[in-house]
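Working notes, beginning with the structure itself.
Owing to the predicted nature of the structure, the values given are computational and were not obtained by experimental measurement.
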Amino acid sequence: MLIRELSPREEEIVELCVQGLTNDAIAARLGLSVGTVNTYWLRIKLKVGGQGRTDTVVRVIKERAERALREANVERKELKDIVTEKERGVLELRAALALLQMAMDQIKSTVWATDNKLAIHILANGEFPATHFGVRWEVGKTVYEIFKTKDPEDLAVAAHLAALKGIETDVRLTGEFANMILRVLPLIDEAGDVMGCISILNSVGQ
């Protein structure tokens, strides 16, 4: 359910996004600046929630589907099909990581996805237990907490910060995490912007 109703302009922007328009195209269609469109998205996210544009639009579509079910008694299965179709973009990442987790179980690695504040949203734990080097590895922890540092120049943290700038990095760690290779890739959204990181930690021989 939406916390607050969207304004007609906000609904229009969401609808254009559903049609596949980028923010630049939406701005051109409505005669607005891209900055104004971004401001509308910020307002929409504050009302609806969501991690990014796709997730926010999915939430709006879900609410519309539920409203239609209440008002018109539409068959739930039909609505579920509609919602599932619109959710597919968000689910692709989770499905890919689920498959990756299965692979990680075989090659003994740990994989996680972070947002642009380096907080972990998805964790696929192939080798390491829930607690590693005295730190509980779980969703919600930041990369700083996982690697027990506040230093942005720490090898692991620096690799994540580079990924947020669009740079893929492979680094051999030191200290407690010696004999481990960390690979960090940028996580790109549908608009081509970096929205977070995908990280893979592998054990290597002495």
Side-chain angles (χ1 to χ4, degrees), residues 17 22-23 38 41-42 44-46 48-59 86-204:
C17 177
T22 64
N23 285 350
N38 287 333
W41 276 118
L42 177 60
I44 294 167
K45 289 175 184 177
L46 288 173
V48 178
Q51 294 299 319
R53 199 176 76 148
T54 299
D55 190 26
T56 298
V57 170
V58 167
R59 289 171 184 247
K86 297 302 181 182
E87 284 183 316
R88 193 159 294 158
V90 174
L91 293 179
E92 281 178 357
L93 173 61
R94 294 186 178 274
L97 282 173
L99 293 173
L100 190 54
Q101 180 172 7
M102 294 174 64
M104 292 304 100
D105 289 340
Q106 301 302 315
I107 64 174
K108 304 303 182 186
S109 298
T110 295
V111 180
W112 59 90
T114 74
D115 59 20
N116 57 16
K117 297 185 184 300
L118 300 187
I120 296 175
H121 282 245
I122 303 171
L123 179 64
N125 198 15
E127 176 182 3
F128 304 118
T131 300
H132 189 60
F133 291 127
V135 177
R136 184 170 179 82
W137 291 48
E138 59 188 351
V139 170
K141 288 281 179 68
T142 67
V143 169
Y144 290 93
E145 292 173 297
I146 291 298
F147 290 98
K148 297 164 51 173
T149 182
K150 295 181 180 180
D151 183 3
E153 295 184 3
D154 175 86
L155 291 173
V157 174
H160 286 80
L161 294 175
L164 293 180
K165 297 178 181 178
I167 303 169
E168 180 178 331
T169 302
D170 288 274
V171 60
R172 183 159 184 160
L173 302 181
T174 59
E176 287 183 303
F177 292 89
N179 302 316
M180 293 183 186
I181 297 291
L182 176 66
R183 183 182 185 190
V184 188
L185 306 86
L187 176 58
I188 310 297
D189 68 13
E190 70 277 4
D193 298 322
V194 177
M195 59 185 294
C197 308
I198 296 290
S199 309
I200 305 170
L201 187 64
N202 293 310
S203 294
V204 294

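With sequence neighbours left out, Leu118 forms a side chain to side chain contact (heavy atoms under 4.5 Å, CB included) with Thr114, Val143, Tyr144, His160, Leu161, Leu164, Cys197. Scanning for side chain to side chain contact (heavy atoms under 4.5 Å, CB included) contacts around Ala158 gives an empty result, with sequence neighbours left out. Contacts of Asp115 classified as side chain to side chain donor-acceptor pair (under 3.5 Å), with partners at least two apart in sequence or in another chain: His121. A search for side chain to side chain donor-acceptor pair (under 3.5 Å) contacts involving Asp151 returns nothing, not counting sequence neighbours. Listed by chain and residue number, nothing satisfies the side chain to side chain donor-acceptor pair (under 3.5 Å) test with Thr149 (two or more places apart in sequence, or in another chain).
Rounded to the nearest 0.5 Å, atoms CD (Glu138) and CD (Glu145) are 9.0 Å apart. Rounding to the nearest 0.5 Å gives a distance of 8.0 Å between CG of Asp154 and CG of Leu173. How far NZ of Lys148 is from CD1 of Ile146: 10.5 Å, rounded to the nearest 0.5 Å.
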Verdict with supporting geometry, Trp112 and Leu201, side chain to side chain contact (heavy atoms under 4.5 Å, CB included): CA-CA 9 Å; Trp112 59 90; Leu201 187 64; 3.9 Å; yes
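Looking at every heavy atom in both residues, Asn179 comes nearest to Arg172 through OD1-NH2, 3.0 Å. The shortest heavy-atom contact between Ala113 and Ile198 is CB-CD1, 3.6 Å.
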Side-chain donor/acceptor pairs under 3.5 Å, residues 180-188, sequence neighbours excluded:
unit_1	atom_1	unit_2	atom_2	d
Arg183	NE	Glu168	OE2	2.9
Arg183	NH2	Glu168	OE2	2.5

